[in-house]
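All values below were derived from every heavy atom in this structure, side-chain atoms included, with hydrogens, water molecules and symmetry-related copies excluded. For reference, positions follow the sequence shown, starting with 1.
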Amino acid sequence: EGQNVTIPIADFTNNRNVGELEVSKAVSGTTDNTQDFTFVVTLTPLSGVKLENSYPVETTDAVKENNTDNSTNPSTSVFIADDRIALTGTDSSKSVTIKLKADQKILIKELPAGTTYKVQETVMPADYEQIDPAGDAQGTITTDKSTAAFINNYKKNTTSVIARSEERRVGKECRSR
């Protein structure tokens, strides 16, 4: 009848294996740091893993301001709060488009380890060439920080100036004969 029964208490701790992805931009050949460079970050989770619609980030106020649309359609803003970035897509793949200037970076945190990423610089501004990486930056999120560091070189296109100068020189020679 009045027995004391001890019920063991189970203590559970769920640990997720997560990592970070840092996307950065560097430019050589110019000191102009006003040019926007646009990147599409695409994330694909492991089978059975669901990506969230937003993730915490670390970046500067300048990057946040450059990626916030304060127009009549604030839903196009990349940042949904001061410290979170919005992703769009399906359960099998999500992406975000971000803009960075020279010497800027963004760190996307708490991404599930095993998620593959592809970072693509979309439209190359005139007079710039991508020198590293050769193509897209791709990899797998680990429990460490993954990096997608893009370097572009500014090289003023002088081909058309040289061609017009040569055209004028040849034209003068023809007229003088």
Side-chain angles (χ1 to χ4, degrees), residues 19-44 51-90 92-111 115-142 144-169:
E20 303 170 328
L21 174 60
E22 180 178 85
V23 180
S24 65
K25 176 49 127 189
V27 174
S28 63
T30 183
T31 57
D32 178 14
N33 61 359
T34 61
Q35 179 65 53
D36 282 332
F37 298 90
T38 304
F39 299 89
V40 175
V41 179
T42 303
L43 303 169
T44 305
L51 290 174
E52 301 295 327
N53 290 325
S54 69
Y55 284 93
V57 294
E58 279 182 25
T59 192
T60 63
D61 287 340
V63 172
K64 290 177 188 175
E65 185 176 309
N66 198 34
N67 286 280
T68 301
D69 182 0
N70 293 318
S71 68
T72 56
N73 187 10
S75 65
T76 61
S77 297
V78 170
F79 291 92
I80 58 171
D82 278 345
D83 60 349
R84 295 192 73 81
I85 193 167
L87 301 175
T88 58
T90 65
S92 61
S93 178
K94 293 195 186 260
S95 64
V96 62
T97 300
I98 56 173
K99 293 183 283 185
L100 297 175
K101 296 180 188 305
D103 301 321
Q104 290 185 332
K105 62 185 172 184
I106 185 168
L107 180 67
I108 306 170
K109 302 166 71 174
E110 298 181 20
L111 296 170
T115 298
T116 59
Y117 66 87
K118 177 175 149 182
V119 182
Q120 177 183 29
E121 189 163 7
T122 54
V123 179
M124 187 64 60
D127 300 326
Y128 286 88
E129 61 184 347
Q130 182 177 322
I131 57 176
D132 193 38
D136 302 334
Q138 306 182 68
T140 302
I141 301 298
T142 65
D144 295 322
K145 179 168 55 174
S146 301
T147 59
F150 284 78
I151 302 171
N152 290 30
N153 184 48
Y154 177 79
K155 188 174 181 181
K156 184 71 176 161
N157 186 351
T158 57
T159 306
S160 59
V161 174
I162 293 169
R164 283 193 304 269
S165 176
E166 185 67 18
E167 216 171 75
R168 278 187 242 127
R169 185 187 64 76

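In terms of modelled atom types and a separation under 3.5 Å, the side chain of Ser24 and the main chain of Gln104 share no donor-acceptor contact.
You'll find the side chain of Thr97 reaches within 4.5 Å of the side chain of Thr38, heavy atoms only. For the pair Leu43/Ser95, no side-chain contact is recorded, criterion being any heavy-atom separation below 4.5 Å from C-beta on. By the 4.5 Å heavy-atom criterion applied to side chains, Met124 and Asn152 are counted as neighbours.
Nearest heavy-atom pair across Gly89 and Lys94 is O-NZ, 4.1 Å. Nearest heavy atom pair, residue Leu100 against residue Val23, reads CD1-O, 3.6 Å. Summarising the geometry of Glu52 relative to Tyr55, their closest heavy-atom pair is N-OH, 2.8 Å, with the distance given to 0.1 Å. Looking at every heavy atom in both residues, Ala86 comes nearest to Val96 through O-CG2, 3.2 Å. Scanning all heavy atoms of the two residues, the minimum distance from Val119 to Ala148 falls at CG2-CB, 3.8 Å. In terms of heavy atoms, Ser146 sits closest to Ile141 at OG-CA, 3.8 Å.
Note that OG1 of Thr142 is 9.5 Å distant from CD of Glu20, once rounded to the nearest 0.5 Å. Rounded to the nearest 0.5 Å, atoms CZ (Phe150) and CG (Asp132) are 9.0 Å apart. Taking OH of Tyr117 as the reference point, atom OG1 of Thr140 lies at 7.5 Å (rounded to 0.5 Å). Rounded to the nearest 0.5 angstrom, Leu107 CG and Lys145 NZ are separated by 6.0 Å. Atoms NZ and OG1, from Lys64 and Thr59 in turn, are 7.5 Å apart once rounded to the nearest 0.5 Å. Within the model, atoms NZ of Lys155 and CD of Glu129 stand 6.0 Å from one another, a figure rounded to the nearest 0.5 Å.
Each of Val40, Ile106, Ile108 was evaluated against Ile98; a single residue qualifies, Ile106, per the side-chain contact (heavy atoms from CB on, under 4.5 Å) test.
Residue pairs that meet the salt bridge (Lys or Arg N to Asp or Glu O under 4.0 Å) test with at least one member in residues 25-42, sequence neighbours left out, are Lys25-Glu121, Asp36-Lys101.
The salt bridge (Lys or Arg N to Asp or Glu O under 4.0 Å) test applied to Lys99 returns no partner, not counting sequence neighbours.
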**OP:** Show the numbers, then the answer: is there a side-chain contact (heavy atoms from CB on, under 4.5 Å) between Thr44 and Lys118?
**Re:** CA-CA 9 Å; Thr44 305; Lys118 177 175 149 182; over 6 Å; no

Subject >> Verdict with reasoning, Lys109 to Glu58, per salt bridge (Lys or Arg N to Asp or Glu O under 4.0 Å) >> reply: CA-CA 8 Å; Lys109 302 166 71 174; Glu58 279 182 25; 2.9 Å; yes

